[in-house]
Amino acid sequence: MSNALLEVRALNAWYGESHVLHGVDLDIREGETVTLLGRNGAGKTTTLRAIMGILRRREGAIRLRGRDLLALPLHRVAQTGLGYVPEERGIFASLSVEENLALPPKVADGGMSIEEIYHLFPNLYERRHSQGTKLSGGEQQMLAIARILRTGASLILLDEPTEGLAPVIVQRIGDVLVALKERGMTILLVEQNFRFARKVADRFYLMEDGRMVNSFPGNELDSHMDELHSVLGV
Amino acid sequence: MKAFAALALVGLLAAPFVFYPVLLMSMLCFALFACAFNLLIGYVGLLSFGHATFFGGAAYFTAHAVKVWGWDPLAGLLLGVLGAAALGLLVGFLAIRRQGIYFAMITLALGQMFAFICLQVPFTHGEDGIQGVPRGHLLGLIDLNDPIAMYYVTLAVFLFGFFAVWRIVNSPFGNILKAIRENERRAISLGYRVDRYKLGAFVMSAALAGLAGGTKAIVFQFATLTDVQWQMSGEVILMTLLGGIGTLIGPVVGAAFVIALQNYLASSDFPVTVLIGIIFVVCVLLFRRGIAGEVMELLKRRQSKQV
Amino acid sequence: QQISDNVVKIGILNDQSGVYADFGGKSSVEAARMAVQDFGGKVLGAPIEIVNADHQNKPDVASSIARQWYDTDKVDAIMELTTSSVALAVQGLSKEKKKVNIVTGAATTDLTGKQCSPYGFHWAYDTHALAVGTGGALVQNGGNKWFFLTADYAFGYSLEDETSKVVKAKGGQILGSVRHPLSANDFSSFLLQAQSSGANVIGLANAGLDTSNAIKQASEFGITQGGTRLAALLFTLAEVHGLGLKAANGLTLTEGWYWDQSDENRTFAKRFMERTGRMPNMIHVGTYSAVLQYLKAIQKAGTDATEPVAKALHELPVEDVFAKKGKVLPNGRMVYDMYLFQVKKPEESKGEWDMYKQLATVPGDEAFLKVSESGCQLTQ
Amino acid sequence: MSTIFGIPAPALYGQILIGLINGSFYALLSLGLAVIFGLLRVINFAHGAQYMLGAFAAYGLLSYAGIDYWPSLVLAPLIVGAVAMAIERTMLSRLYGLDPLYGLLLTFGLALIFEGAFRYWFGTSGKPYSPPAQLTGAVNLGFMFLPIYRGWVVIASLVICLGTWLLIEKTRLGSYLRAATENATLVQAFGVNVPRLLTLTYGLGAALAALAGVLAAPIYQVSPLMGSNLIIIVFAVVVVGGMGSILGAIITGYVLGVLEGLTKVFYAEASSIVIFVVMAIVLLVRPAGLFGREA
Amino acid sequence: MVNDTPILTAEGITMEFRGFVAVNNVNLSVREGSIHALIGPNGAGKTTVFNMLTKFLTPTRGRIEFRGQDITTLKPAEVARLGLVRSFQISAVFPHLTVLDNVRVALQRPSQLATQFWRSSRVLSHLDDRALELIDAVNLSSYAHLPAVELPYGRKRALEIATTLALDPTMLLLDEPMAGMGHEDIGRISDLIRQISKGRTVLMVEHNLHVVSDLCDRVTVLARGEILADGSYDAVSADPRVREAYMGTEHE
Ligand SMILES: Nc1ncnc2c1ncn2[C@@H]1O[C@H](COP(=O)(O)OP(=O)(O)OP(=O)(O)O)[C@@H](O)[C@H]1O
Ligand SMILES: Nc1ncnc2c1ncn2[C@@H]1O[C@H](COP(=O)(O)OP(=O)(O)OP(=O)(O)O)[C@@H](O)[C@H]1O
Ligand SMILES: [Mg+2]
Ligand SMILES: [Mg+2]
């Protein structure tokens, strides 16, 4: 695929000695929302961590706008415009909600302002002076997403943002993603909840045992239901 | 494994005819001390920075009982162990309520206090120490003034202590200790009163450290302040780290190495502290598993390659 | 076969890397070698060898080295033995092994008192000599109201105790004392207490860095400028040099030897300086004298067997660069003259090591305890 | 003359003032220690050695290069800070993410090396260093003579403490640092050059220790042992204040300095132990320390 | 069989964190033998209630009774020994012990094999059968000898449930047992919960409303630290306030 924003080719990755990713290929075009589906342990999180460079032991090619990311240290990867929302959320206990929000440095223009963010997540506004980890699980997830919106990152890697969230909040997060998409944000989303994902995804990738087994556009989801059932075990 | 243990035992039995007995005895005492310390750090995950209290405290108790009260060495040792256990109960009771670095700091603070007390009370004789403790006759029978007899008694004490550590670690109790180290909250939620387990382990460790200290007092025939000062606590950490934290044999190797080094370097031109410092640094940077740990890892790797 | 193993081996066991490393340390080993050289390198035809070890201030390390020396390395005598716990431990061991030991590095009078040994000798200073030297002579010089800063351990107590006795005996007064913990670092608080007591002498019954810090801070707070005298009860040239005359001037102290006392001393000091880069203090020269005297004793006894050598050591007078008309008491105490010195002002000093003015001589018989007072059981 | 507990009031004021002065050193040293612990989770056992290095750097600059006190006040911390940064780069940085125990052990080893080497080269009796001419002499406060130099120490340390506190608590840099202690990888994943941040922090902590060393040189004997005597006490101060709490370290430093000073009057023997007693009590009652944030 | 006697009651429990009231005057009564769900939006205070019930937090006010016994002032371990055992929201396993050992640690306590430091740990092997049985029940058999760290997240949750069950508790408190699990596992764990609930009481926090509607006899809805509704799933889900505060409009 040409004019891809992010291009991943034949990516292999290891945790210590254990080989987890086996030749993953992935493309994301500018402005697209791509969802990575797969059951527990398929390697979705690992893919994101390998792209960011948090997982250092990897081979293959990762290019952002044609620029190779593999050799860059972690912080330089982030500075190229990648925003990462980790699975475990990573809220800082020693910082207040507001400090957590303000923490990530701007990597490009065009990020949201703190006011816009509070508008999007009124809960956070209410608790802006509390310690970050004193938030409930759902509040923390919102904070984790909100935090990255300020930085102007153009490609956001989101790892299971709906995990452990109440339906209303899931719905709200879905709305947020749609809004982000409208702003031209590119999103790589990892999900198990494909009902949620279908609302936002332009394209799906299916992952199993560290390999990409299929990819199809979002509107073809229904025709892939059987495959989905077998891969995800729904 | 069995073959290795048998070989080691034969080596230990034959050692005094090859090496200098007092040096060997010193190694055995410190090896036992390090094993006792390792029981806490290696299997409960508690870094005590005040273990000299039990080692040196027991040395004072034993020395006093044997010298001033004229007790049998065995009775003296027993008193040392009981005294150390009592100190362990006291210190442990206060310290185990905290974890990690705070635990280390509390034990350090209490250790400093104990060292202060040892300096103040008359029976320890200040910085002169209790000197000239008679070795006497064990149970009135074995003349401990004979270096070889003394060596075998020390060896027996050491083996007893070593076996005790091994047994504790590989017991149902030891199993729970490991679980507590791994995830304390979970252990609590399963209904374990973790404080009691920790305290139990602490007292056992203190008692064994006391056994080592008491034996040392009889071997060297004195008990002095150096044994209760925090530098001694630091030294036992060094020994354990060097040998391999959380391995059974590691502390023994580490202690033997450090004692040999201190002795050897004493008559060289190289400043002892600098070399010990360098070993510390190299160990932490390159051989974090310690000597024993690295060797075992090597063996394991080789084994898995062969398979 | 009059010399066991055909070699006379002397072990110098002291602190070479710790707190007392400057006190004696490696330089003492050099002094011992000088003694061997001056003796001619051989005794009764057998070569003389010096071995040395750093006991790191740990009695157990010292004890196992000493045992090893005696048992396997055929060492005949051990000397210096800095710090009392080590000296007592090794003296106990030497007694048991029937070997000669000569202490020059520790202060406790117990070595020739309660824990004396027929083969143990105490060569340089001891707490009593320091007390009599500094305490006695100062009172005669008008320093009659004392306040003590005492290190909170046995060595400190006995210094304070013995000095107090001397001061009182000479008609002086003790206005008070404060016991500070070891390595107290800051002494200004204690110095202030001393000053407000109205004392005209502050006795420093401590050692090493503690004494240095106390002196430095006394000068900072203008205590010495205000006319109060500082008396360091255990302080040697090495420490004064480390402190510098600016901080140390006016300080009174007792030492058993000073390089600028005579031509003989100056010659010795020059040789020592060439070998070690520093001037010797009483411990260095004491060790030199101990080695030399030990060799003389072997010569006299015609053997290096312990009993006859110890007997010869007790009998022979000591006459060398360290001690004039020195004699050894039955309890092992070597008796010789000590001196009271005052540290010069910077402007009085003519060189890096020109630091002392001699105030008085303390005759040996006054300086050291009589055998009957020592509490040594051997002699009864 | 009025007395308090049998001590004349003016004398007591003097003692409190002296306690405060000593507290300045505790505060400065524990400040650096707290900075390093708070941000690197390393218990810097080499802190005492770095303090000693600072004093020796000042002595060396004076006696080998003829550089006097005032420039040394800047140069010595820079030198020691640079050495520390090299240490962090080559050694400490490999230990992040491991049990904090390893950091403690490494720095313990480093302390042994530095102190051992300096003892070997310079002996133990130390080296002379005098206060600068501008700060010699004393002022009469009525209840005591205060050496001008000591007054300067209090002021200098207050200013430095305040400055450091502002830097860490009130700037963006500070929040990076605090966040990095919890999850360095994540902070780096946000685009912050964390490794460099940590290097600088360790350098800063060590430089603070060295600065304290320079300030101490005219008061305490410049000796290889000067740091090891102090470090354990300073640890206690940091623990009482709350590990990693900058403000806690500063305040506790002064308070314990005064407390120790008073103990010197009432029960001098215990004056070095009193801090440990306080520490044990505080840890039992308030485990996170007086100013620590609970985990 | 569900009967009417409450096994666990909380009266007016309140939790304040430095002035912030996380849970306010909550009354809760769980009937013996039931599966009771505690649901509510994020931050409602569900985990906090769990922490209070299992004594990991001490309520600022209020009183808790378990099987007629006042447990308000007990320690967490004591509560567990009474048979009230919990799981954690963030998975809690013993990471470097194998799956088998994880379960055995739990089995050890009731079998009085915990404090014996003088015996060989081989005596524990007679617990293996029971442990493997439990492991099998949560479909982890193929992982039995793997260290728990190496399990994927969802499997860790399953292991945690097996460990909890090993204590044979009278009552289980499960905090989001399905979080992070794949669909097939959710089905299996649901079955498992249903199966184990025979003769026990279960109180669970869960966001997956399918599971809740499927499994639970009774639902309590918590919002902003207070009880919003309480009753059967159908009744509760019909409540407009609950729909607004929690379920959202889309939900069936
Ligand atoms: N730190 C680690 N060390 C070793 N193996 C790991 C580690 N983290 C994950 N793995 C393994 O790597 C594989 C892929 O894990 P990954 O976390 O990427 O899965 P995932 O698709 O994100 O699953 P989930 O939906 O549970 O988050 C799994 O088999 C897992 O056991
Ligand atoms: N230790 C604490 N200190 C201060 N506030 C806390 C603490 N623990 C929880 N809170 C607050 O109490 C509220 C309830 O939190 P709790 O974790 O119980 O929510 P929850 O219902 O379990 O949410 P979720 O479903 O997201 O896990 C939250 O707003 C949280 O921020
Ligand atoms: Mg994942
Ligand atoms: Mg919760």
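These numbers come from a predicted model, not from an experiment. Numbers restart at 1 for each chain; the letters A, B, ... are given by sequence-line order, proteins then strands. Any value given below was found using the heavy atoms of this structure, including those in side chains, with hydrogens, waters and symmetry copies removed.
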[X], [atom1]: over 12 other non-hydrogen atoms inside 6.0 angstrom:
X       : atom1 : answer
F56(E)  : CZ    : yes
R67(E)  : CZ    : no
R196(B) : CZ    : no

(request) Let me know if R181(B) has heavy atoms under 4.5 Å from chain E in its side chain, its backbone, both or neither. (result) neither

(request) Would you mind checking which part of A187(B) comes under 4.5 Å of any heavy atom in chain E, side chain (CB onward), backbone (N, CA, C, O), both or neither? (result) both

(request) Keeping the roles fixed (side chain from R81(E), backbone from G191(B)), state whether a donor-acceptor pair exists under 3.5 Å. (result) yes

Counting heavy-atom pairs under 4.5 Å to chain B, which of [options] comes out on top?
options                  : result
V79(E), T54(E), T164(E)  : T164(E)
P169(E), P95(E), A106(E) : P95(E)
A80(E), P76(E), A77(E)   : A77(E)

Can you tell me how far the [atom1] atom of [X] sits from the [atom2] atom of [Y], to the nearest 0.5 Å?
X       : Y       : atom1 : atom2 : result
S189(B) : L167(E) : OG    : CG    : 8.0 Å
R104(E) : I176(B) : CZ    : CD1   : 10.0 Å
E160(E) : N183(B) : CD    : CG    : 9.0 Å

(request) Kindly indicate whether the side chain of R186(B), heavy atoms from C-beta on, has any atom under 4.5 Å from the side chain of V105(E). (result) no

(message) Within the 4.5 Å heavy-atom criterion, are K178(B) and F94(E) side-chain neighbours or not?
(response) no

(request) Would you name the heavy atoms of Q108(E) and Y192(B) that are closest together and state the gap between them? (result) CB-OH, 3.4 Å

